[in-house]
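Report on the structure given below.
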Amino acid sequence: MMQVVDYQHPEAAQQFVASLRETGFGVLKNHPIQQQLVESIYQNWQEFFDSEEKHSFAFDPKKQDGYFSPQISETAKGHKQKDIKEYYHVYPWGRIPAQLKTDILDYYQKASSLAEELLDWVEKYSPDEVSALYHEPLSNMIKDTPNTLLRVLHYPPLHGDEQPGAIRAAAHEDINLLTILPAANEPGLQVQLQNGEWMDVPSDFGNLIINIGDMLQEASGGYFPSTSHRVINPEGADMQKSRISLPLFLHPRSEVVLSERHTQASYLLERLRELGVKD
């Protein structure tokens, strides 16, 4: 069972990093991000996704900010069906609907600050031979970065006529350093264990779920594993419910050196081409 770490516990950092190392995921409770803010964002963005206004924010292929409709949603690497979702890419420098801006940027800033602390934890509890691989302090990699992405995801209710094999989010790994995610308003998130089995991630409302992305795996020489995860389709009455999710994908500045092979920019480009969202 995945351990839920109390952020305020004296050994929180050590416990959290041990969980990341073992499962690729860590779950925090009693953390500094207010539940009230998260609930307000869920509610207000649900209204936005239910409106026609979203179409006037259609994403910019060059900048990748704005609204991505279900028709252009991602297809996970190695899968044929598109995921059943629509989403909005929030960057502080990007386009954001005026009525949604204050809360979402407040959340972006708070989650980014917490992320710096969590990256310091990761560095502190990395073995010496692993921390020797980091080309600069991990928390420094995201300082003043324009690349960290907050994605507001909407998984619409299911009607039973979905493409066979299509699920809300097919199994995938994240590209970035760490992903920070408040437990969504509906369960469904699962992580793949090393033996291949799938385990439900504790999704109690108020938990904060953090997982490792490929860039941290790259920077740590594979010590921290980027774990495959997915969002499964609900069943029965839960099919009628929408699901909103708020992952913050922490991306270093473009010039940050991850390894002998890659900077952030070269790694990202390679992965976006694999996902089919970049030429």
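The model shown is predicted, which means the values in this text are computed figures rather than measured ones.
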Could you tell me whether the side chain of H31 and the main chain of Y7 form a donor-acceptor pair under 3.5 Å?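 Pair absent, no side-chain N/O of H31 close to backbone of Y7.
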
Classify the side-chain pair Q99/E47 by whether it contains a donor and acceptor separated by less than 3.5 Å.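 Short answer, no.
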
Using a distance-only test with no angle check, is there a side-chain donor-acceptor pair under 3.5 angstrom linking Q109 and S113?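 On atom types as modelled, these side chains qualify, holding a pair under 3.5 Å.
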
Over all heavy atoms of both residues, which pair between L258 and P252 is shortest? Give the atoms and the distance, please.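 Distance-wise, the nearest heavy atoms are CD2-CG, 4.3 Å.
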
Is it true that, when you exclude E260 itself, more than 12 heavy atoms of the residues, nucleotides or ligands shown sit nearer than 6.0 Å to its CD?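 For E260, atom CD is not crowded (no more than 12 foreign heavy atoms under 6.0 Å).
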
Tell me, yes or no, whether the heavy-atom count around E255 atom CD, taken from other residues, nucleotides or ligands under 6.0 Å, exceeds 12.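 Enclosed.
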
When you check the gap from the basic side-chain N to the acidic O, do D106 and K110 get nearer than 4.0 Å?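 Answer for the salt bridge query: yes.
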
Working for side chain to side chain contact (heavy atoms under 4.5 Å, CB included), residues M141 and E136: CA-CA 7 Å; M141 291 182 179; E136 62 182 89; 3.7 Å; yes

Under the side chain to side chain contact (heavy atoms under 4.5 Å, CB included) rule, what do F68 and H89 come out as? Steps first, then yes or no, please. CA-CA 8 Å; F68 291 69; H89 278 185; 3.4 Å; yes

Please work out which of the three classes, parallel, tilted or perpendicular, describes the rings of F49 and W45, given edges at 30° and 60°.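 W45 and F49: tilted rings.
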
Please determine if R95 forms a cation-pi arrangement with F57, meaning its NZ or CZ atom is less than 6.0 Å from the six-membered ring centre and no more than 45° off the ring axis.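 Judged by the rule, R95 and F57 form no cation-pi pair.
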
My understanding is that only one of L181, T227, D174 makes a side-chain contact (heavy atoms from CB on, under 4.5 Å) with N211; could you say which?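 The residue from L181, T227, D174 that satisfies side-chain contact (heavy atoms from CB on, under 4.5 Å) with N211 turns out to be D174.
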
